[in-house]
Amino acid sequence: MSKIVNGTSIPNIPWEDRPSSGKGSDPNKEIMWRFSKNPVIPRDLTLTSNSIFNSAVVPFNGEFAGVFRCDDTTRHMDIHVGFSKDGVNWKIEDNAIKFEKTDPELPDSDYKYDPRVIWLEDRYYIIWCNGYKGPCLGTGYTYDFKKFYQIENSMMPYNRNGAFFPRKIGNNYAMYSRPSDSGHTPFGDMWYSESPDLVYWGKHRHVMGPNGGWQSTKIGAGPCPIETSEGWLVFYHGVLTSCNGFVYSFSAALMDLDKPWKVIARPKPYIICPKEIYEIAGDVPNVTFPVASLVDKDTGKVAIYYGCADTVTGLVFGKVDEIIDWVKKNKF
Ligand code: BMA
């Protein structure tokens with residue numbers, strides 16, 4: 001029995017056991033290990049893609065569906081739907097998703113990027129960084145990954161890294177987000193907000209901010225939070241500013257189940273930091289940026305999809321129970 005609560009069985013979760021020797025083999029050194037076939041999604045999978053990264057994947061009809069950030073060869077940023085039988089080999093549509101507006105007054109998007117997707121009550125919600133007078137949080141939903149509907153923007157500019165919780169907290173929907181600026185923000189804390197209807201958001205609470213080392217410049221939520229008996233397991237990215245620019249790594253923290261703005265344990269070390277060639281070389285060097293997790297409730301296996309150097313997409317694997325123990329052992 002794993003510590004996962006309210007989870008889904010995903011018997012066909014993409015998976016590879018921890019290697020028995022070499023890189024990733026020592027759990028005392030690396031609590032998660034990279035897929036040997038990384039990167040799983042190449043940059044040129046669609047007709048016009050320059051890069052495919054920072055993308056969201058969910059189990060769908062016994063297989064997998066996803067919403068992918070595809071920057072095209074004009075370097076326009078948009079999100080595309082894709083499907084896979086095994087979570088590793090993907091077919092991604094050449095054309096970007098066309099959302100049907102649920103209100104004709106909804107503003108158009110100048111661009112869309114970094115989507116998160118979550119099953120919530122009766123449908124899949126998508127939340128992304130949306131261009132509307134600067135980056136804000138765009139929101140929509142789909143039942144079938146064929147028709148997509150756009151609802152009100154969840155947050156006004158400037159905000160990024162929105163991640164919905166998979167269930168209500170008390171009577172309200174909930175999310176993490178990261179207020180930012182109009183550019184490549186040199187600061188960033190994680191915030192928590194609630195909404196009775198996914199339109200009006202409030203009860204804003206500060207969650208946590210930068211805290212030295214790999215997470216000294218800014219931090220932001222990665223995949224949607226995972227419910228466990230020990231608290232919400234939240235993978236998040238952290239950034240440090242080196243003499244060559246930003247370096248994006250990631251780790252995981254545990255948050256209070258009823259008050260998810262309260263941090264139970266936050267680790268000092270990162271879990272993944274740019275080290276492999278596809279993470280240190282690309283359109284934006286030195287970026288490992290997690291945005292989606294698949295979690296199998298029966299085995300506690302977790303597979304994280306992460307953007308590599310803003311160019312391709314990789315997978316890392318771990319076990320939820322081991323990661324929880326590691327977070328507690330390595331907390332500040
Ligand atoms: C952030 C976002 C991410 C990107 C990261 C590194 O501000 O644009 O999509 O991965 O920068 O370039």
Side-chain angles (χ1 to χ4, degrees), residues 38-43 49-57 66-72 74-80 96 109-117 126-132 134-138 155 157-163 176-191 209-210 214-224 235-242 244-251 270-276 278-293 304-316:
N38 270 357
V40 282
I41 301 173
R43 63 187 301 167
S49 57
N50 164 76
S51 42
I52 306 179
F53 57 107
N54 300 359
S55 299
V57 168
V67 175
F68 295 85
R69 170 174 176 178
C70 300
D71 294 6
D72 70 15
T74 70
R75 298 300 293 264
H76 174 71
M77 305 178 284
D78 217 323
I79 55 179
H80 296 227
S109 307
D110 295 331
Y111 50 78
K112 301 188 182 83
Y113 66 83
D114 293 4
R116 273 76 166 176
V117 179
I126 303 142
I127 180 164
W128 66 88
C129 183
N130 191 36
Y132 174 46
C136 65
L137 294 182
M155 292 284 164
Y158 304 111
N159 200 308
R160 295 181 170 97
N161 298 305
Y176 289 132
S177 75
R178 198 202 70 193
S180 58
D181 69 11
S182 59
H184 300 293
T185 319
F187 60 87
D189 291 21
M190 272 171 66
W191 287 75
W214 65 274
Q215 46 189 336
S216 53
T217 300
K218 52 180 172 177
I219 62 166
C224 296
F235 289 91
Y236 70 101
H237 68 263
V239 179
L240 80 74
T241 308
S242 82
N244 270 332
F246 289 152
V247 178
Y248 283 72
S249 308
F250 66 90
S251 201
Y270 60 74
I271 293 178
I272 296 286
C273 169
K275 288 181 182 169
E276 297 297 324
Y278 51 89
E279 299 165 345
I280 60 180
D283 287 349
V284 183
N286 301 317
V287 181
T288 52
F289 196 91
V291 298
S293 61
I304 304 264
Y305 291 82
Y306 69 109
C308 307
D310 282 17
T311 305
V312 293
T313 304
L315 264 174
V316 292

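One-based numbering, in listed order, for ligands and for the atoms of each. Numbers for residues simply follow the sequence, beginning at 1.
Counting protein heavy atoms only, atom 11 (O) of ligand 1 is closest to Tyr248 OH, 3.1 Å. Annotation: atom 8 (O) of ligand 1 to nearest protein heavy atom, Tyr113 CE1, 3.8 Å. Considering only non-hydrogen protein atoms, atom 10 (O) of ligand 1 sits nearest to Asp310 OD1, 2.7 Å. Protein heavy atom nearest atom 2 (C) of ligand 1, with residue, atom name and distance: Asp114 OD2, 3.7 Å.
Residue Ser216 comes nearest to Pro210 through the heavy atom pair O-CB, 3.4 Å, listed as atom of the first residue, atom of the second, then distance.
Enclosure of atom OH in Tyr132 is not indicated, since only 12 or fewer non-hydrogen atoms of other residues, nucleotides or ligands lie within 6.0 angstrom.
Residues Phe250 and His237 keep their aromatic ring centres 6.0 Å or farther apart. Ring centroid separation for the pair His80 and Phe68 does not come in under the 6.0 Å cut-off.
Taking any N or O of Lys218, backbone or side chain, none lies under 3.5 Å from an N or O belonging to ligand 1. Below 3.5 Å of separation, one finds no N or O of Arg160 facing any N or O of ligand 1.
Counting heavy atoms closer than 4.0 Å to ligand 1, residue His184 contributes nothing at all. Neither the backbone nor the side chain of Phe246 has any atom closer than 4.0 Å to an atom of ligand 1 (non-hydrogen atoms only).
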Problem set entry | Derivation of the ring pair (Phe, Tyr, Trp, His ring centres under 6.0 Å) call for Trp214 and Tyr236 | CA-CA 12 Å; Trp214 65 274; Tyr236 70 101; 5.7 Å; yes
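Looking at Tyr270 and Gln215, their side chains never bring a donor and an acceptor atom within 3.5 Å of each other.
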